[in-house]
Peer 1: 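If you scroll down you'll find the structure; I have some questions about it.
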Amino acid sequence: MQRHLVGISQIGAVRCHRLIALARAIRQASALPRLDKSVALAFFEPSTRTRLSFEAAATRLGCRVAAFSSAGSSIEKGETVADTIRTLEAIGFDAIVLRHRASDAAEHAASIAKHATIVNAGDGCHEHPTQALLDALTLLDEFGSLEGKRIAIIGDIRHSRVYRSDAALLGMLGAIVGVCAPPLLMPSHLPDGIVQLPDAASAIEWADAAIVLRLQRERMDSGLVPSLSDYRRRYAVRREYLVGSRVRLLHPGPVNPDIELDAVLVESEHSLIQRQVSNGVFIRMAVMIDIFATELVEHFLSH
Ligand code: ASP
């Protein structure tokens, strides 16, 4: 088994099932182990929930956490991913949670690390595996099984690492994945089995649950969306589409209120967004236990 957590396809179905089951068991557990390891949170891109969630997960398990972001670190002076990984290993960190704007950053870091475990917390437009695991856990809590469930992913598909990880994992769990985006925000290739949906209104009608994505302005070349009002007209999820519907709404955050999603929906009865955030901590605890204390996994799963 590869020790690093780079992407859903690399870790495969068996480990994904095990991490989700482990997160559920940890959520019920009355006592938690103390792992006593050191974890570096190396965030070369901004993040609020992912960074705090990894920090909460690691500290609840008795790990020592050092967090740094690009502002105020040597990354601003041009330090490369490779230098950072070597430095953090030399200091003695046992795991390095990495976020970076380059789409191969996690893979590259994993090829350099000699003993530390690399956990991908989002690399460019490539993958965000713990987000997919927490989305799957949230959907499984809601539906019991995802076999045959229709999950629409709506928004900036092309630039989204969340889409790539979610589509891989939800497909693995038996869901039918649909995507909905303006033509220029669609990737050049969609894997077999993915359904294309023409606009947000039909996506909501089709779906059991919708994962709404942020319009990633920082990754867009200019001109991909003619105007925000054009975008909203066809691709925003609006309150009126949900009248009389039971569709569940997820969003990885941060939400651009009233752009990809009407702000009132964030706290509506359709929304699972807060549950995603809470589940994120349990998924990241599961990741830490799986990395640092494999021998405890069976213990948790048998209780
Ligand atoms: N927080 C998610 C990510 O880091 C989604 C987003 O930024 O739009 O990929």
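Note that these values count all heavy atoms, side chains included, but never hydrogens, waters or copies made by symmetry. None of the values given here were measured: they were computed from a predicted structure. Order of appearance sets the numbers: ligands from 1, and atoms from 1 within every ligand.
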Peer 1: Hey, does R99 sit under 4.0 Å from ligand 1 if you only count heavy atoms?
Peer 2: yes
Peer 1: Tell me which part of R49 gets within contact of ligand 1: side chain, backbone, both or neither, using heavy atoms under 4.0 Å.
Peer 2: neither
Peer 1: Answer with side chain, backbone, both or neither: which part of L213 has a heavy atom less than 4.0 angstrom from an atom of ligand 1?
Peer 2: neither
Peer 1: Ignoring hydrogens and angles, state whether a donor on the side chain of D135 or Q276 is under 3.5 Å from an acceptor on the partner side chain.
Peer 2: yes
Peer 1: How does E45 reach ligand 1, if at all, at less than 4.0 Å between non-hydrogen atoms: by side chain, backbone, both, or neither?
Peer 2: neither
Peer 1: Report, in ascending order of atom number, the atoms of ligand 1 lying under 4.0 Å from any heavy atom of R161.
Peer 2: 3 (C), 4 (O), 9 (O)
Peer 1: Judged by modelled atom types alone, do T138 and R275 share a side-chain donor-acceptor pair under 3.5 Å?
Peer 2: no
Peer 1: Could you report the tightest heavy-atom contact between I204 and I154, atom names first, then the distance?
Peer 2: CD1-CD1, 4.2 Å
Peer 1: Does the side chain of D94 pick up a donor-acceptor pair with the side chain of S38 at under 3.5 Å?
Peer 2: yes
Peer 1: So which heavy atom in the protein is nearest atom 1 (N) of ligand 1, and how far is it from that ligand atom?
Peer 2: G253 O, 2.9 Å
Peer 1: Among side-chain atoms of R99 and H128, is any donor-acceptor pair under 3.5 angstrom?
Peer 2: yes
Peer 1: Within the 4.0 Å heavy-atom shell around R214, which atoms of ligand 1 are there?
Peer 2: 6 (C), 7 (O), 8 (O)
Peer 1: Classify the side-chain pair Q10/E107 by whether it contains a donor and acceptor separated by less than 3.5 Å.
Peer 2: yes
